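Model, not experiment: these values are computed from the prediction.
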Amino acid sequence: MVPDITPLRGRRGELAELEALVSRARGDRSGALVVSGEAGVGKTALLDHLTARAAAHVRTERIVASQAEMELAYAGLQQLCARAR
């Protein structure tokens, strides 16, 4: 059952890409997608929307990168693994 979520206007293409990624993951196909853009363009809104829709089907995790971590290899992976303890 998909939660009742207000659609994001003008983001049909981006949402389709994100939902396809989740669909492939449910079919045991890994993948990655970079969501980038200037501050305020709606990256977080897209990911919040996808997380709400996907929560019924897959486990989701979120990490937040910072400018200070740019030079640290695998900083995001370390954040994910630290949670598993």
Exercise. List the steps, then state whether side-chain contact (heavy atoms from CB on, under 4.5 Å) holds for R62 with D48.
Key: CA-CA 10 Å; R62 181 176 285 189; D48 287 345; 2.9 Å; yes
Quiz item: Checking side-chain contact (heavy atoms from CB on, under 4.5 Å) for the pair Q79/E69: CA distance, chi angles, key distance, verdict?
Solution: CA-CA 11 Å; Q79 286 183 39; E69 295 172 324; 3.2 Å; yes
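L77 shares a hydrophobic cluster with Y74; the chain of contacts runs through ILVMFWY side chains whose heavy atoms sit under 4.5 Å apart.
For E71, the CD atom counts as loosely surrounded, since its 6.0 Å shell holds 12 or fewer non-hydrogen atoms of other residues, nucleotides or ligands.
Applying the salt bridge (charged side-chain N to carboxylate O under 4.0 Å, His left out) criterion to R12, with sequence neighbours excluded, gives no partner residue.
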Please tabulate, for the side chains in residues 18-47, all donor-acceptor contacts under 3.5 angstrom to protein atoms that are two or more places apart in sequence or on a different chain.
| unit_1 | atom_1 | unit_2 | atom_2 | d |
| --- | --- | --- | --- | --- |
| E19 | OE2 | R53 | NE | 2.7 |
| K43 | NZ | G37 | O | 3.1 |
| K43 | NZ | E38 | O | 2.9 |

